[in-house]
Engineer: 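Starting off with a structure, shown below.
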Amino acid sequence: MSAATSIYGARASNGVIIVTTNTGKAGKLKVTYNVSTQNSRIGKKYNFMDGGDYIKMQREGLYNAAELAGLSTTTGIARLGQLTGATPAGTGNNLENNTPFATLLKSNLSAETISTLQAKGWQEIADPLNPSKTIMYKSTDWNDILFQDAITQSHTLGFSGGTDTGVFDLSLGYLKGDGITIFTGYQRFTSKLNASLKVADNFTINGRVLFSKASNNQVVANSVVFNRYLGNSPTTKLYLEDGTLAPGQNNINGNPLYQMGKVKGKNENDKLQMGVDGELRLAKDFTFTPAISLYSENENDNTFQQAFLSGSSGLVDNTRTATRLSNQTYQVQYEGVFAYKKDWENIGNFDAKLGVSKYDRTIKYFNASRKRKPFRFSADFRLISNSVSVYSNNTKLVLNSVFGRVNYDYKNRYFATASFRYDGSSSLGPDNRYGFFPGISAGWNMQEEKFWANTMPKFFSSLKLRGSYGVNGNLGTLGDFQAGGLYAGTTNGLPNSYNGQSAIINSQIANPGLKWEQSETINGGFDIGLNEDKIRIIGDFYNKLTSDLLTNLTLPSNSGFSTVLTNLGGLRSKGFELEVQANVYNKNDWKVNVGANVSHNTNTVEKLPFNGNGNNRIGGTEIWDAKSGKYVYVGGLQEGQKIGNFYAHKQLYILSTQAEADAYNAKVHDTYVTKTAANGGNPDGRKFAGDAVFEDTDNNGIIDSRDRQYMGNMFPTFVGGFNFDTSYKGFSLTVRTDYSLGATIYNEARARFLGQFQGNYGLLAESAQAWQKEGDITDVPRYRWADQTNQNNLFRSEASGAAYNTNMFQGNSRYYESGDYLCIREITFSYSFPKTLIEKASLTSLRLYVTGSNLYYFTKYKGLSPEVQGIDGGSSLGLNAAGSTGTYPVPRNIILGLNISL
């Protein structure tokens with residue numbers, strides 16, 4: 001593999017997938033029609049408390065937090081005020097269309113009103129703080145509101161055929177479906193044409209055209225939908241008293257049925273790919289292949305925020321912000337390849353290629369926003385008097401290349417390949433613009449040797465050994481003009497100015513010394529065949545060193561720049577891939593095949609620039625290391641260390657009684673416990689019954705950042721899968737699974753929904769396991785509203801950004817979970833009707849199938865999906881800001897389809 005990718009250049013740095021297109025076959029016109037209907041639904045939902053349990057926990061949690069701060073302090077009074085205010089568990093809401101929550105004090109209601117509310121599904125609960133009072137409430141499960149069963153229809157019509165001089169393959173496709181969340185949908189039209197024409201005996205032209213037009217209407221960020229909207233308290237009103245949709249608190253923490261309906265938008269994407277190549281035979285063994293390909297992509301995203309109720313107070317937000325994004329990509333590639341192929345019976349088979357190519361890519365980006373747009377929804381931005389921001393950017397990249405490859409094959413016994421590529425990039429400085437990337441490989445089919453039959457057991461049918469070495473160039477995250485420095489007329493979308501005049505600023509420092517990032521890979525492997533190759537075992541082992549990594553280096557503040565892009569050290573990836581496929585049974589129309597694969601990879605920082613720190617460390621945190629008996633720096637980037645490690649405080653137990661807490665406070669001080677003012681309830685930062693105890697790793701009586709421990713690594717140790725397929729006459733069954741082992745996930749969402757990091761979120765049903773009274777034995781700390789503002793039992797982060805921050809050094813060990821899983825990825829059952837039956841209907845084939853995908857995860861992970869990598873959760877304040885803090889859930893799909901050939 002390392003030698004194979006070398007010839008493909010910079011754009012092959014992450015591997016190469018070779019696709020062979022179908023150009024049709026000479027003969028009678030063939031018509032195919034494929035149709036399918038897919039039903040999708042969310043595979044797993046959060047188990048939130050209902051309204052009654054939520055009110056009990058929330059009111060007790062608010063009082064606990066107020067008591068901790070001091071009931072007579074400003075903070076304490078504010079927290080107590082939530083108990084009687086228009087809050088999720090407060091008694092200050094009303095039935096006058098102007099409060100966001102459905103909680104009321106029953107004693108304030110007339111008998112007629114009570115009867116009416118009960119008829120509408122309102123329930124009641126004794127106030128946990130004053131059982132003599134009763135609270136009426138209406139509960140909503142936001143899982144049921146936000147998610148829906150989605151139907152997707154897919155149609156594909158194909159035509160193929162031709163003559164001895166020309167063949168073609170044409171297909172037209174249409175897909176339309178809803179998303180599993182409300183107000184989301186997707187549709188796509190595709191057309192594809194592949195054709196080949198024999199112009200002369202020595203000249204053939206091949207052409208291909210692929211066009212797709214896709215659109216979707218998902219315009220609200222995942223971080224809002226799957227964090228804020230899904231996390232609404234169950235007492236948030238779905239409808240106001242007049243029967244209209246309730247807005248919720250605001251457009252971020254609101255009713256998704258209302259707020260998502262107020263954001264209109266359409267994201268469109270058009271792609272056109274065209275290519276023409278010809279094979280000109282100049283001599284018997286000598287050919288020339290010229291080729292030109294074009295790729296064009298136009299993305300147009302339009303969003304319009306309609307006027308909406310900002311909370312339930314009746315105030316209308318009339319900003320009416322409209323946003324238009326246009327991203328146009330145009331690229332063209334020219335290529336010419338000479339090829340020579342010669343077969344000598346006693347010497348071997350030889351082929352060689354030598355070619356040149358030019359790759360030219362242009363991107364034009366435009367983004368504009370304006371307020372008080374007068375139209376309901378359109379893409380018209382001609383009226384820009386109320387513009388908020390206007391931004392545009394044009395970039396260009398040119399790659400010039402020379403490449404070559406020589407293959408040698410001796411009687412299918414020995415194989416050798418040598419290749420090279422010489423690339424030049426316009427995005428690099430003049431001194432390092434070009435890079436040379438060679439590769440070599442060799443193989444040996446041992447079963448072709450004379451000694452094989454006499455020395456190897458008959459069960460051992462074949463053995464191929466392989467080895468390769470190659471260097472590949474990569475431009476990483478390098479911008480098209482970044483090496484020369486960047487200048488900008490805007491900052492955060494707003495025009496720069498100086499003394500009232502427009503200004504251009506140097507936004508990124510130049511680094512003309514940037515050079516190619518290079519990946520040097522050594523690969524070895526084997527292919528083993530057993531029992532006449534009915535069992536195949538394929539193994540590959542690799543060692544890849546990526547040097548001169550293009551990475552941002554932090555600069556001193558007096559430089560005027562925060563970072564500079566530079567070639568920063570090296571990263572080594574080592575691992576293996578192993579695959580086994582077996583034909584278990586093949587008799588009497590019955591076939592059974594099974595297979596399995598596994599891969600392992602580790603990433604280690606190899607080299608960093610010298611900076612005087614141990615292991616030339618960049619970033620990281622200091623913790624106590626019991627083995628060495630001293631403090632060491634971990635995390636960040638360090639030579640010889642893995643990337644992706646998590647460190648957090650290890651929870652040991654929950655203080656069961658106040659006497660136990662007093663004894664603990666006399667010996668240990670937890671610096672993460674938030675102190676209140678001198679007149680508050682906890683001026684010394686003490687722990688109380690129900691608080692979590694964390695391990696004091698250095699035994700110094702102080703719990704601080706240096707007591708964090710290794711929680712695991714975000715990357716899996718092993719990934720792989722199993723497959724099984726069987727067929728009998730026209731029936732077939734395919735089962736495909738995949739798995740991941742060794743990854744750790746910080747389930748921040750779970751901690752957030754237990755610790756109320758946001759303040760008005762719903763609570764997980766798991767919250768009922770929290771410590772509540774003297775003597776309770778549990779591993780869930782006492783619930784206090786907004787954990788990070790008081791005892792910090794769950795949040796435990798030092799970084800800025802409070803509730804919106806996520807990093808590799810935060811949280812409670814209880815919420816670092818194993819990401820191990822085994823997924824039943826696909827089960828397909830199909831039936832192909834006998835030809836004797838379908839020929840009567842003038843058909844050549846007819847196949848009916850049903851497929852289930854993403855059917856089930858065997859996992860202990862408590863989040864929505866164990867396929868999240870790293871941190872699951874977090875938050876974002878931007879309604880339309882993209883974020884990694886909310887993930888579209890993996891749907892469970894059932895597909896019914898039909899394949900017809902005429």
Side-chain angles (χ1 to χ4, degrees), residues 1 4 15 17-20 22 349 407 409-417 441-468 523-542 575-600 718-741 822-835 845 847 849-853 855 899:
M1 177 179 290
I17 298 177
I18 299 177
V19 178
T20 302
N22 183 15
N349 303 324
N407 292 323
D409 165 19
Y410 179 72
K411 296 184 177 182
N412 198 36
R413 185 184 307 169
Y414 308 117
F415 304 88
T417 297
S441 65
W444 180 22
N445 273 334
M446 294 181 64
Q447 74 275 8
E448 300 296 330
E449 298 286 358
K450 295 180 179 180
F451 65 77
W452 182 267
N454 299 323
T455 59
M456 301 299 291
K458 290 186 177 180
F459 186 74
F460 213 144
S461 52
S462 65
L463 172 62
K464 181 178 181 178
L465 300 179
R466 297 176 276 105
S468 64
N523 182 280
F526 60 83
D527 300 351
I528 298 175
L530 304 175
N531 191 22
E532 298 179 342
D533 284 357
K534 292 179 180 178
I535 301 175
R536 300 285 300 175
I537 304 173
I538 302 172
D540 279 285
F541 304 85
Y542 60 88
F576 68 84
E577 299 173 356
L578 184 65
E579 180 181 358
V580 179
Q581 297 291 337
N583 184 340
V584 178
Y585 190 85
N586 188 359
K587 291 182 180 179
N588 302 323
D589 297 323
W590 190 14
K591 298 178 181 179
V592 179
N593 299 301
V594 297
N597 65 83
V598 62
S599 64
H600 167 75
F718 297 99
V719 295
F722 305 95
N723 61 277
F724 168 86
D725 64 84
T726 183
S727 62
Y728 179 72
K729 295 186 176 179
F731 295 94
S732 69
L733 174 67
T734 298
V735 180
R736 185 168 60 90
T737 70
D738 56 74
Y739 63 86
S740 174
L741 301 173
L822 171 66
C823 177
I824 302 177
R825 188 65 66 188
E826 176 190 340
I827 298 179
T828 296
F829 179 74
S830 68
Y831 178 67
S832 297
F833 290 82
K835 286 191 175 182
S845 68
R847 176 176 176 262
Y849 68 92
V850 59
T851 295
S853 63
L855 292 175
N899 305 137

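A quick note: this is a predicted structure, and the numbers were derived from the prediction, not measured.
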Engineer: To the nearest 0.5 Å, what is the distance between NZ (Lys729) and CG (Asp589)?
Structural biologist: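 With rounding to 0.5 Å, NZ (Lys729) is 6.0 Å from CG (Asp589).
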
Engineer: OG of Ser461 to CD1 of Ile528: how many Å apart, nearest 0.5 Å?
Structural biologist: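 Answer rounded to 0.5 Å: 10.0 Å.
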
Engineer: Would you please name every residue forming a ring-ring contact (aromatic ring centres under 6.0 Å, His included) with Phe722, sequence neighbours left out?
Structural biologist: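 For Phe722 the ring-ring contact (aromatic ring centres under 6.0 Å, His included) partners, ignoring immediate neighbours, are Tyr739.
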
Engineer: Would you give the length of the straight line joining atom CZ of Phe718 to atom OG of Ser740, rounded to the nearest 0.5 angstrom?
Structural biologist: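 It comes to 11.0 Å.
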
Engineer: Which atoms form the tightest heavy-atom contact between Arg536 and Gly529, and what is the distance?
Structural biologist: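 Reported closest heavy-atom pair: NH1-CA, 3.8 Å.
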
Engineer: Determine yes or no for a side-chain-to-main-chain donor-acceptor pair under 3.5 angstrom, with Arg466 supplying the side chain and Gly539 the backbone.
Structural biologist: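 Between the backbone of Gly539 and the side chain of Arg466 there is a qualifying donor-acceptor contact (under 3.5 Å).
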
Engineer: Between CD of Gln447 and CG of Asp527, what distance do you get to the nearest 0.5 Å?
Structural biologist: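 Reported value, rounded in 0.5 Å steps: 9.5 Å.
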
Engineer: Could you tell me whether the side chain of Ile827 reaches within less than 4.5 Å of the side chain of Leu733, counting heavy atoms only?
Structural biologist: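 Counting from C-beta outward, Leu733 and Ile827 do come under 4.5 Å.
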
Engineer: Considering residues at least two apart in sequence or located in another chain, which fulfil the side-chain hydrogen bond (donor to acceptor under 3.5 Å, both in side chains) criterion with Arg736?
Structural biologist: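 With neighbours one apart ignored, the set is Glu826.
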
Engineer: OH of Tyr728: more than 12 outside heavy atoms within 6.0 angstrom?
Structural biologist: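 No.
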
Engineer: Considering only heavy atoms from C-beta outward, does the side chain of Lys591 approach that of Ser732 to under 4.5 Å?
Structural biologist: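 When only atoms from C-beta onward are counted, Ser732 and Lys591 do not touch, as no gap falls below 4.5 Å.
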
Engineer: I'd like to check Phe731 versus Thr726 (side-chain heavy atoms, cut-off strictly below 4.5 Å). Are they in contact?
Structural biologist: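 Sidechains of Thr726 and Phe731: no contact.
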
Engineer: Among Ile535, Val580, Leu463, which one satisfies side chain to side chain contact (heavy atoms under 4.5 Å, CB included) with Leu530?
Structural biologist: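 Answer after filtering Ile535, Val580, Leu463: Ile535.
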
Engineer: Locate the shortest heavy-atom distance separating Tyr849 from Ser830; write the atom from each residue and the value.
Structural biologist: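 Between these two residues, the closest heavy atoms are CB-CB, 3.6 Å.
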
Engineer: Which atom names give the shortest non-hydrogen contact between Phe451 and Met446, and what distance separates them?
Structural biologist: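 Closest approach of Phe451 to Met446: CZ-CE, 4.2 Å.
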
Engineer: Could you tell me the separation between the CG atom of Asn593 and the OG atom of Ser727, rounded to the nearest 0.5 Å?
Structural biologist: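 Going from CG on Asn593 over to OG on Ser727, the span is 7.5 Å.
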
Engineer: Evaluate the criterion side chain to side chain contact (heavy atoms under 4.5 Å, CB included) for residue pair Phe415 and Asn407; output intermediate values, then yes/no.
Structural biologist: CA-CA 7 Å; Phe415 304 88; Asn407 292 323; over 6 Å; no

Engineer: Angle class for the Phe833/Tyr831 ring planes (parallel below 30°, perpendicular above 60°, tilted otherwise)?
Structural biologist: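 Aromatic pair Phe833/Tyr831 classed perpendicular.
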
Engineer: More than 12 heavy atoms of other residues, nucleotides or ligands under 6.0 Å from CD of Glu532: is that the case?
Structural biologist: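 Not buried by this count: 12 neighbours or fewer within 6.0 Å.
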
Engineer: Checking side chain to side chain donor-acceptor pair (under 3.5 Å) against Thr828, which of Asp725, Thr734, Thr851 comes through?
Structural biologist: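 With Thr828 as partner, side chain to side chain donor-acceptor pair (under 3.5 Å) holds for just one option, Thr851.
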
Engineer: If you round to the nearest 0.5 Å, how far is CG of Asn523 from CZ of Phe541?
Structural biologist: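 Spacing of CZ (Phe541) from CG (Asn523) equals 10.0 Å.
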
Engineer: So do Phe724 and Thr737 actually touch side chain to side chain, heavy atoms under 4.5 Å?
Structural biologist: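 Sidechains of Phe724 and Thr737: no contact.
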
Engineer: Please report the shortest heavy-atom distance between Ala596 and Gln581, naming the atom on each side.
Structural biologist: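 The answer is N-NE2, 4.4 Å.
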
Engineer: Which heavy atom of Asn412 sits nearest to which heavy atom of Asn445, and what is that distance?
Structural biologist: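 Nearest pair, atom of Asn412 first, then Asn445: O-ND2, 3.0 Å.
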
Engineer: Heavy atoms only: give me the nearest Glu449-Arg413 pair and the separation to one decimal.
Structural biologist: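 Closest heavy-atom pair between Glu449 and Arg413: OE2-CD, 3.2 Å.
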
Engineer: Within the structure provided, determine whether Phe526 and Leu578 are in side-chain contact (heavy-atom separation under 4.5 Å).
Structural biologist: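 With C-beta onward as the side chain, the pair touches.
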
